[in-house]
Amino acid sequence: DLGNRFVKETPNRTSWLFYVWGHSYEFDDNDNWDIIENFAELVGLKNDIWYATNIEIYDYVKAYEKLQTSVDKNIIHNPSAIDVWFWHNNETYCVKGGQTLYL
């Protein structure tokens, strides 16, 4: 149900994190591989979903935390090497790694 909500009811995913955690042996033990197979079919191969490892998520959060903004929030500088996406005034923006964005 949560997978369906994430895929179908989320018009703007820039701030959503859907974290899947578990062990494959649990599917063997419970004989319910169909659950993860159905989930993978539901969320797989989507152009607007970022599929990331734990370290990629950690690095991204750290890059987001390092964004530097002007007092009026119209200038955003990204000192990291990672592109960072954010939502501001109902618009999605990306400030590339090492670049400054003027809104």
Side-chain angles (χ1 to χ4, degrees):
D1 290 340
L2 290 175
N4 278 318
R5 280 187 49 210
F6 180 77
V7 171
K8 296 177 180 169
E9 296 178 18
T10 310
N12 184 330
R13 290 191 190 97
T14 57
S15 60
W16 283 56
L17 174 66
F18 195 103
Y19 189 81
V20 177
W21 180 86
H23 300 282
S24 59
Y25 72 83
E26 295 174 288
F27 296 109
D28 271 338
D29 290 351
N30 298 319
D31 192 30
N32 61 356
W33 275 99
D34 59 307
I35 291 173
I36 196 65
E37 289 170 352
N38 291 338
F39 177 76
E41 188 174 320
L42 175 70
V43 301
L45 303 175
K46 304 275 189 227
N47 292 332
D48 59 345
I49 294 178
W50 175 43
Y51 306 95
T53 63
N54 288 335
I55 193 63
E56 288 172 319
I57 294 168
Y58 175 85
D59 289 345
Y60 184 86
V61 169
K62 288 300 178 187
Y64 183 87
E65 290 173 348
K66 290 179 183 174
L67 290 179
Q68 300 167 346
T69 62
S70 61
V71 174
D72 63 4
K73 308 259 192 244
N74 288 324
I75 303 170
I76 296 98
H77 175 68
N78 181 358
S80 77
I82 298 171
D83 295 351
V84 176
W85 295 82
F86 62 94
W87 208 35
H88 177 69
N89 290 336
N90 296 320
E91 289 193 47
T92 302
Y93 295 92
C94 175
V95 58
K96 303 266 184 202
Q99 293 189 355
T100 301
L101 179 67
Y102 300 88
L103 302 178

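The structure displayed is predicted, hence computed values, not measured ones.
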Quick one: does any side-chain atom of Asn30 pair with a main-chain N or O of Asn32 as donor and acceptor, under 3.5 Å?
no
When the aromatic ring centroids of Phe18 and Phe39 are compared, is their separation below 6.0 Å?
yes
Got a second to check how far Leu101's CG is from Cys94's SG, nearest 0.5 Å?
8.5 Å
Interatomic spacing from CG in Leu67 to CZ in Phe86 - rounded to 0.5 Å:
7.0 Å
Output the distance between atom CZ (Phe27) and atom CD1 (Ile36), rounded to the nearest 0.5 Å.
4.0 Å
Grab the two heavy atoms, one from Leu42 and one from Gly3, that are nearest each other, plus how far apart they are.
CD2-C, 3.4 Å
Can we call the ring centroids of Tyr60 and Trp50 under 6.0 Å apart?
yes
For residues Asn4 and Phe6, determine if any side-chain heavy atom of one lies less than 4.5 Å from a side-chain heavy atom of the other.
no
Quick one: are Leu103 and Ile75 in side-chain contact, heavy atoms under 4.5 Å?
no
Can you hop from Trp85 to Tyr58 via hydrophobic side chains spaced under 4.5 Å?
no
Hydrophobic cluster membership, with links at side-chain heavy-atom distances under 4.5 Å among I/L/V/M/F/W/Y: are Val20 and Trp33 in one?
yes
Checking Thr69 side chain against Lys73 main chain: does a donor-acceptor pair fall under 3.5 Å?
no
If hydrophobic clusters are built from ILVMFWY residues whose side chains come within less than 4.5 Å, do Ile49 and Leu2 share one?
yes
For Gln99 and His77 the tightest heavy-atom approach is O-ND1, 3.4 Å
Assess whether atom CG of Asp31 is packed by more than 12 heavy atoms of other residues, nucleotides or ligands within 6.0 Å.
no
Is the side chain of Asn78 donor-acceptor paired with the backbone N or O of Ile82 at a distance under 3.5 Å, no angle test?
yes
Does the Ser80 side chain pair with the main chain of Ala63, one donor and one acceptor, at a distance under 3.5 Å?
no
Has Tyr51 got a side-chain atom pairing as donor or acceptor with Val43's backbone, closer than 3.5 angstrom?
yes
Polar side-chain atom of Asp83 near backbone of Gly97 as donor-acceptor pair, under 3.5 Å
yes
Do side-chain atoms of Glu91 reach the backbone of His88 as a donor and acceptor pair under 3.5 angstrom?
no
Near Tyr64 OH, under 6.0 Å, is it more than 12 heavy atoms from other residues, nucleotides or ligands?
no
For Leu45, does the CG atom have more than 12 heavy-atom neighbours from other residues, nucleotides or ligands under 6.0 Å away?
no
Counting only heavy atoms not in Glu65, do more than 12 sit closer than 6.0 Å to its CD atom?
yes
Keeping the roles fixed (side chain from Glu26, backbone from His23), state whether a donor-acceptor pair exists under 3.5 Å.
yes
